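In what follows, residues are counted from 1 in the order of the sequence shown. Predicted model, so just to flag it, every value in this text is computed and none were measured.
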Amino acid sequence: MIEYEEDWAILLLFRWRGSVYSRAMWFAFPSAVLCLLLVLMDTPRPDIRVQTGIHELNEGIIWSATTTILLTLVAFRTREGYSRFWE
């Protein structure tokens, strides 16, 4: 168990040890770099979207893919939680 010694709650939120920030950076940093590369690639050559097929993606396809992935992850975590509860 983590023992909390800080008197201020704001210091507790931004501490590095025992925090999820360090684990979240492993996912957020590559995504940010990929986004930056896509934006930088689009600036000099706007026709690259058509060549790679990204232009054909509309909002509905992106939302459907994101929703499918999130629902799969939530269902997996729920199933794991129920199996641990009934052990």
Undergrad: Check side chain to side chain contact (heavy atoms under 4.5 Å, CB included) between Leu36 and all other residues, then give those that pass, not counting sequence neighbours.
TA: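 Residues passing side chain to side chain contact (heavy atoms under 4.5 Å, CB included) with Leu36: Leu40.
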
Undergrad: What's the spacing between Thr66 OG1 and Leu71 CG if we round to 0.5 Å?
TA: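 Thr66 OG1 to Leu71 CG: 10.5 Å, rounded to 0.5 Å.
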
Undergrad: Please check this pair: side chain of Ser83 against backbone of Glu80, looking for a donor-acceptor N/O pair closer than 3.5 Å.
TA: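 Side chain of Ser83 to backbone of Glu80: a pair is present.
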
Undergrad: Shared ILVMFWY cluster between Phe29 and Leu37, side chains joined below 4.5 angstrom?
TA: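 In one cluster with Phe29: Leu37, yes.
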
Undergrad: As an exercise, state the distance from OG1 of Thr43 to CG of Leu38, rounded to the nearest 0.5 Å.
TA: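 It comes to 10.5 Å.
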
